[in-house]
K.L.:
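Shown below is the structure under consideration.
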Number of protein chains: 2
Amino acid sequence: MEEKIPYKTYLSENEIPKQWYNVRADMKNKPAPLLNPGTLKPMTLEELTPVFCEELCRQELDNDTPFFDIPQEIQDFYKMYRPAPLVRAYFLEKALGTPAKIYYKFEGNNTSGSHKLNSAIAQAYYAKKQGLKGVTTETGAGQWGTALSMACSYFGLDCQVYMVKCSYEQKPFRREVMRTYGAKVTPSPSNTTAVGRKILEEFPGTTGSLGCAISEAVEAAVTQPGYRYVLGSVLNQVLLHQTVIGLEAKAALDKIGVKPDIIIGCAGGGSNLGGLISPFVGQKLRGEADYQIIAVEPASCPSLTRGKYAYDFCDTGMICPLAKMYTLGSHFMPSPSHAGGLRYHGMSSILSQLYHDGYIEARAVEQTSVFAAAEMFARVEGTLPAPESSHAIRAAIDEALKCKETGEEKTILFGLTGTGYFDLKAYESFNDGTMTDTIPTDEQIADSLSRLPKVE
Amino acid sequence: MEEKIPYKTYLSENEIPKQWYNVRADMKNKPAPLLNPGTLKPMTLEELTPVFCEELCRQELDNDTPFFDIPQEIQDFYKMYRPAPLVRAYFLEKALGTPAKIYYKFEGNNTSGSHKLNSAIAQAYYAKKQGLKGVTTETGAGQWGTALSMACSYFGLDCQVYMVKCSYEQKPFRREVMRTYGAKVTPSPSNTTAVGRKILEEFPGTTGSLGCAISEAVEAAVTQPGYRYVLGSVLNQVLLHQTVIGLEAKAALDKIGVKPDIIIGCAGGGSNLGGLISPFVGQKLRGEADYQIIAVEPASCPSLTRGKYAYDFCDTGMICPLAKMYTLGSHFMPSPSHAGGLRYHGMSSILSQLYHDGYIEARAVEQTSVFAAAEMFARVEGTLPAPESSHAIRAAIDEALKCKETGEEKTILFGLTGTGYFDLKAYESFNDGTMTDTIPTDEQIADSLSRLPKVE
């Protein structure tokens, strides 16, 4: 094996980014603003702050400031688990027999098991600084909830997590990690909120969705004094915090003198993908460099590839602001037999705009092929990947195999967002050969899209 | 926080040790030899090779060679997950308010979740080199079985794992990780072996023990052509491979100019502790330096602190060679309500001899205090520790609190052998407040010791 470039490149601790990068500042077409669902006018700071922490609202609305200083307390916390390694996938390249050079930025070396901690600690910090008692949130696969409970524990904040019911049932141990960090976890939809009770009435026996859980968490935040709602993906503020991934990856690549040709990330709400690609897209927007950027989503929840670019609710309960995004409709429920994460009906407004403007492309992959890629990756690279991350692995392997056919020595970078330790029910169904692919019909998607709010 | 020393110190890849260190070469009193249970004479290479891989038998019997070259294939694999970080526990120090300086060597950043992979890959390599079809083994907490399945998958070997029944039931997801790496997992005692059937008859409803599982795995190895048995702890060869932990830790400490006063490791069979301390004990044996070295064992399975230094069977089925060690008797069964790992009845012969000669000390800790330490560590250091590792954390915290009382600025190094992602049943009982301490009575231990083989 070639070894001039090490297997793992770590920045030194003082090279961890001290600022987040706001890609919106370099976008000519800014992402569309959040709308008040009552007035259909752009949400103001005053309208957002009853739900979200004030400083986070400022970040949410700021399309112009290119860099935000990372507060020292957050920088300190980042040192607990960062810098994250940039890994050269020599073992995978060898197993594939490809001339491609494959790198991945691994964000799973922390107990939450994913990149989510990058934003969780920032959001907990601003909540603490504002003098709040606690925060509420939703979690799907459980990574965000775990990350937030770690962050809240660090700052002594109460943490209330609404966990999508099917994940709650498939991942009982996630609950215990969150409890170990002191969080209170409720399966969603629940009868602890008005919106939860309404959803249960309308869809009895539902296994839940991120959209439902968001509605419940928002309601819990606005009905308890001293609480605000925090969200692990989709929002501009989250993508801002997650740019620490891309900034570190780019600094590490620069250090070893490597420029990627293709950058790949999995796409659910968009936080990992947005964070990874922001500095590279920034170069593209400024005309300084070009990259092929691929968003990979599950075929069972294909918001970019089969959704509509339109204003929609971020949540099923329709109590959140409207966001313009590629969406399958807030009533879209991915099949419960879909185990691969990334179950959100919409996509970050920033990524939606970038996709709409042609700066990134998208493809959908089926879960059995995702788990086949995951198994191969686990065996040769030694890390059991999260199903979400494995969508990116699938696409990276596919690109590397294309290079094998053409002989091109492309350099591929992908985001390995997390580990699969809590996804073993899904691995079990793959190991047993009982996993199926679940692709929504055109009718299902059309029906859900027909219920989009009317905004013009 | 003081930050001249980084939170994490990584060696560069070319600083990963290229040789293992054999501490026996520096011991004046060599560990007692394994005995043939029939003849009571020292086991010869010829007697060992039907059970173990040949090269590993040579390593087992070699008390004189101070260094063994690490084969290139193993060095390559080590780069997949090594170097492991040496972490300065700034957050823990701050939370404790101690003047002590605490470091830990973290071995959990790989999918097996522990240090076990260091020896698994070596043993799989020698099995492959010998042209074997596969290997058999036992696993308790599941870390060794996972590590071995990863290693066997890498070299294309069949892997058959006998998993202690109570762990098999408490940790269903461990099985799926092993299956993802292609291993076959059987709960032990099972009726697939003669010795398993005998144990089930004698102790119906037993939740198993490492000793039982070893007997079954050995029987499976010697009754299948092309198979050998491999073991994840206790043996000299395993401690040899695990010295990569201590060598890396010492190199990293040297790099930052730190000399520890106290070195702490958890002790089950002894592989982690032996691996961590070997280079330091070597200095002590050669009179070059002095360290306080503490082995921490569970109060429910206290082989060093309450066992007898005597020849005993390594396994419950009494088909393995006799080893001289601190032992509770091969019939000792730790309480099934003990969740904290480290369930083995004996202790590595090397460590037993070093303990007997006063080079290391030992203490036993109760599991509720271990999990309290684990929870605190998880919250402040951000890593959910394995219950086994948490024994070392408990002792490190206790030593740091002593420093707080005396004002001494001692430097403490401990081994954080792994993560607790698969131990959440145990965390659940701690979170629920239903965990109890299970300390064997003097009668229980005396009864088990009365059945020691007669050797003199």
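Because only heavy atoms are used, hydrogens play no part in the values below, and waters and symmetry mates are left out as well, while side chains stay in. Computed from a predicted model, the values in this text were never measured in an experiment. In what follows, chains are A, B, ... by sequence order, proteins preceding strands, each numbered from 1.
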K.L.:
Should we count NZ of Lys18(B) as having more than 12 external heavy atoms under 6.0 Å?
P.N.:
yes

K.L.:
Who in residues 172-183 of chain B is close to chain A, using a strict under-4.5 Å heavy-atom cut-off?
P.N.:
Phe173(B), Arg175(B), Glu176(B), Val177(B), Arg179(B), Thr180(B), Tyr181(B), Gly182(B)

K.L.:
Once you round to the nearest 0.5 Å, how far does OG1 of Thr146(B) lie from CG of Leu384(A)?
P.N.:
10.0 Å

K.L.:
By a 4.5 Å heavy-atom criterion (distance strictly below it), what part of Asp432(B) contacts chain A: side chain, backbone, both, or neither?
P.N.:
both

K.L.:
First locate atom CZ of Arg379(B), then atom SG of Cys152(A), and finally report the distance between them rounded to the nearest 0.5 Å.
P.N.:
11.5 Å

K.L.:
Please list, chain by chain and in numerical order, all residues satisfying side-chain hydrogen bond (donor to acceptor under 3.5 Å, both in side chains) with Ser390(B), sequence neighbours excluded.
P.N.:
none

K.L.:
Lys8(A) and Lys79(B): which non-hydrogen atoms are nearest, and at how many Å?
P.N.:
NZ-O, 3.2 Å

K.L.:
Drop me the distance from Tyr7(B)'s OH to Arg82(A)'s CZ, to the nearest 0.5 angstrom.
P.N.:
14.5 Å

K.L.:
Quick check: under 4.5 Å, non-hydrogen atoms only, which of residues 414-424 of chain B neighbour chain A?
P.N.:
Tyr421(B), Phe422(B), Leu424(B)

K.L.:
Does atom NZ (Lys184(B)) have a neighbourhood of more than 12 heavy atoms from anything else shown, all under 6.0 Å?
P.N.:
no

K.L.:
Work out which heavy atom in Phe91(A) is nearest to a heavy atom in Phe77(B); give both atom names and the distance.
P.N.:
CZ-CA, 4.2 Å

K.L.:
Quick check on the structure: residues of residues 111-121 of chain A within a heavy-atom distance below 4.5 Å of chain B, by number.
P.N.:
Thr111(A)

K.L.:
Need one label for Met80(A): side chain, backbone, both or neither, based on atoms under 4.5 Å from any heavy atom in chain B.
P.N.:
both

